[in-house]
Amino acid sequence: MENGDVIESAVASQQTAVDKALLLVRSLAGEGREIGVSELARRTQMTKSTAFRLLAILQRNEFVERVGSDYRLSPHVSDLGSCVYGPTTSLVHDKLLPYLVDLYEHTHETVHLAVLHGDEVAYINKIHGHRAARSPSRIGTRLPAHCTGVGKAMLAFTPATAEIISRTATLPARTEYSISDSGLLRAELGRIREDGIAYDRQEAALGLSCVAVPVMGLARQPLAALSVAGPHQRFDPARYAPILRRVGYEASRTIAAATVRRGAETGVGPRT
């Protein structure tokens with residue numbers, strides 16, 4: 001075997017190991033609980049010995065931690081995740097926390113704070129009480145923007161929306177109620193631009209409804225969105241529209257002022 005072939009074989013082997021290790025991380029992240037090595041091996045279609053070996057490497061590098069005979073993601077992964085979206089998202093998270101608390105105090109329902117990342121939304125904060133609605137929106141989770149209230153609230157005021165929607169005539173759907181036709185989505189976003197309010201009626205998850213508003217930064221560009229969510233059978237989204245409008249307006253004033261101050265201090269404009 002030539003030297004080049006040996007190098008290529010070694011690289012391929014390394015990539016395979018990395019791919020498998022990341023598959024284990026994704027499996028742990030998707031579940032959000034401790035999982036045993038046998039179950040992880042089954043889910044990722046690895047041998048138990050391979051999964052055990054890779055988990056030991058991940059544990060040594062502080063990506064996973066062991067709880068008895070099970071494994072879970074380590075806090076180090078959360079620390080890394082906080083670096084993904086840049087300084088503007090950190091600013092949004094810190095400055096808008098009081099408004100998220102205000103929303104919860106007024107509604108006692110599940111409330112979210114999310115940012116737009118391409119054609120997906122990333123949930124960066126969430127508060128819920130004892131009657132929390134079952135929801136796929138864990139902190140750090142990404143969902144298709146067009147299937148969520150927070151996503152539609154931001155897409156409606158994002159100039160790049162037309163390009164995002166025109167990529168395909170049929171959009172991916174999470175439930176039977178998701179908007180999968182790009183023409184229908186355009187119409188929905190037009191309504192949101194007029195009303196300033198976005199709704200999700202079982203579009204992200206069956207049994208879950210929500211209402212959302214964008215949080216505007218400079219030049220009327222959405223930096224985030226706030227939402228209130230609850231079980232579809234008892235939740236009336238329109239009931240919370242007035243409080244969302246008020247909190248969203250106050251949050252927009254705060255984040256716009258904070259962005260100006262940060263730009264003056266650093267000499268650079270806003271970045272996401």
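Reckoned from all heavy atoms, side chains included, excluding hydrogens, waters and symmetry mates. We number each residue from 1, following the sequence as shown.
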Is [X] reaching over with its side chain to a backbone N or O of [Y], donor-acceptor style, under 3.5 angstrom?
{"X": "Ser178", "Y": "Ser180", "result": "no"}
{"X": "Lys48", "Y": "Val37", "result": "no"}
{"X": "Ser27", "Y": "Leu23", "result": "no"}

Inset, instruction - Taking all non-hydrogen atoms of both residues into account, name the closest pair between Glu34 and Asp70 and its distance. - result: CB-CB, 3.7 Å
Legend entry - Minimum heavy-atom distance between Ala198 and Ile192, given as atom pair plus value: CB-CD1, 3.7 Å
Inset, instruction - Please test Ile57 against Phe63 for side-chain contact (heavy atoms from CB on, under 4.5 Å), starting from the C-alpha separation and ending with a verdict. - result: CA-CA 9 Å; Ile57 294 171; Phe63 282 85; over 6 Å; no
Do the non-hydrogen side-chain atoms of [X] and [Y] ever get within less than 4.5 Å of each other?
{"X": "Thr110", "Y": "Ser135", "result": "no"}
{"X": "Ser74", "Y": "Val64", "result": "no"}
{"X": "Thr158", "Y": "Pro222", "result": "yes"}
{"X": "Val228", "Y": "His106", "result": "no"}
{"X": "Ile139", "Y": "Asn125", "result": "yes"}
{"X": "Leu100", "Y": "Val111", "result": "yes"}
{"X": "Ser209", "Y": "Gln202", "result": "yes"}
{"X": "Leu113", "Y": "Tyr99", "result": "no"}

Inset, instruction - Starting from the C-alpha separation in whole Å, work towards a yes-or-no answer on side-chain contact (heavy atoms from CB on, under 4.5 Å) for Val211 and Leu244. - result: CA-CA 8 Å; Val211 54; Leu244 262 171; 3.4 Å; yes
Inset, instruction - With side-chain contact (heavy atoms from CB on, under 4.5 Å) as the test, would you mind laying out the steps for Phe157 and Gln221 before giving the verdict? - result: CA-CA 7 Å; Phe157 298 94; Gln221 295 298 304; over 6 Å; no
Can you tell me how far [atom2] of [Y] sits from [atom1] of [X], rounded to the nearest 0.5 angstrom?
{"X": "Met216", "Y": "Met154", "atom1": "CE", "atom2": "CE", "result": "10.5 Å"}
{"X": "Ser69", "Y": "Ile35", "atom1": "OG", "atom2": "CD1", "result": "12.5 Å"}
{"X": "Leu116", "Y": "Arg142", "atom1": "CG", "atom2": "CZ", "result": "10.5 Å"}
{"X": "Ile124", "Y": "His93", "atom1": "CD1", "atom2": "NE2", "result": "6.0 Å"}
{"X": "Ile197", "Y": "Ser227", "atom1": "CD1", "atom2": "OG", "result": "11.0 Å"}

Legend entry - Check ion pair Arg191-Glu188 (N to O, under 4.0 angstrom): yes
Inset, instruction - Output yes when Glu203 and Arg174 qualify as a salt bridge under the 4.0 Å nitrogen-oxygen rule, no when they do not. - result: no
Inset, instruction - For His112, check ring-ring contact (aromatic ring centres under 6.0 Å, His included) against everything at least two apart and list the hits. - result: Tyr123
Legend entry - side-chain contact (heavy atoms from CB on, under 4.5 Å) between Arg186 and Leu189, worked out: CA-CA 5 Å; Arg186 288 191 192 95; Leu189 297 181; 5.9 Å; no
Do [X] and [Y] share a hydrophobic cluster (ILVMFWY, side-chain heavy atoms under 4.5 Å, transitive)?
{"X": "Tyr177", "Y": "Leu185", "answer": "no"}
{"X": "Leu208", "Y": "Leu103", "answer": "no"}
{"X": "Val92", "Y": "Leu97", "answer": "yes"}
{"X": "Leu91", "Y": "Val101", "answer": "yes"}

Inset, instruction - Say whether Thr47 and Ser49, considering side chains only, have a donor N or O and an acceptor N or O under 3.5 Å apart. - result: yes
Inset, instruction - Identify, with sequence neighbours excluded, every residue that meets side chain to side chain donor-acceptor pair (under 3.5 Å) alongside Asp102. - result: none
Inset, instruction - Could you check Leu58, Leu55, Leu24 and say which one makes a side chain to side chain contact (heavy atoms under 4.5 Å, CB included) with Tyr71? - result: Leu55
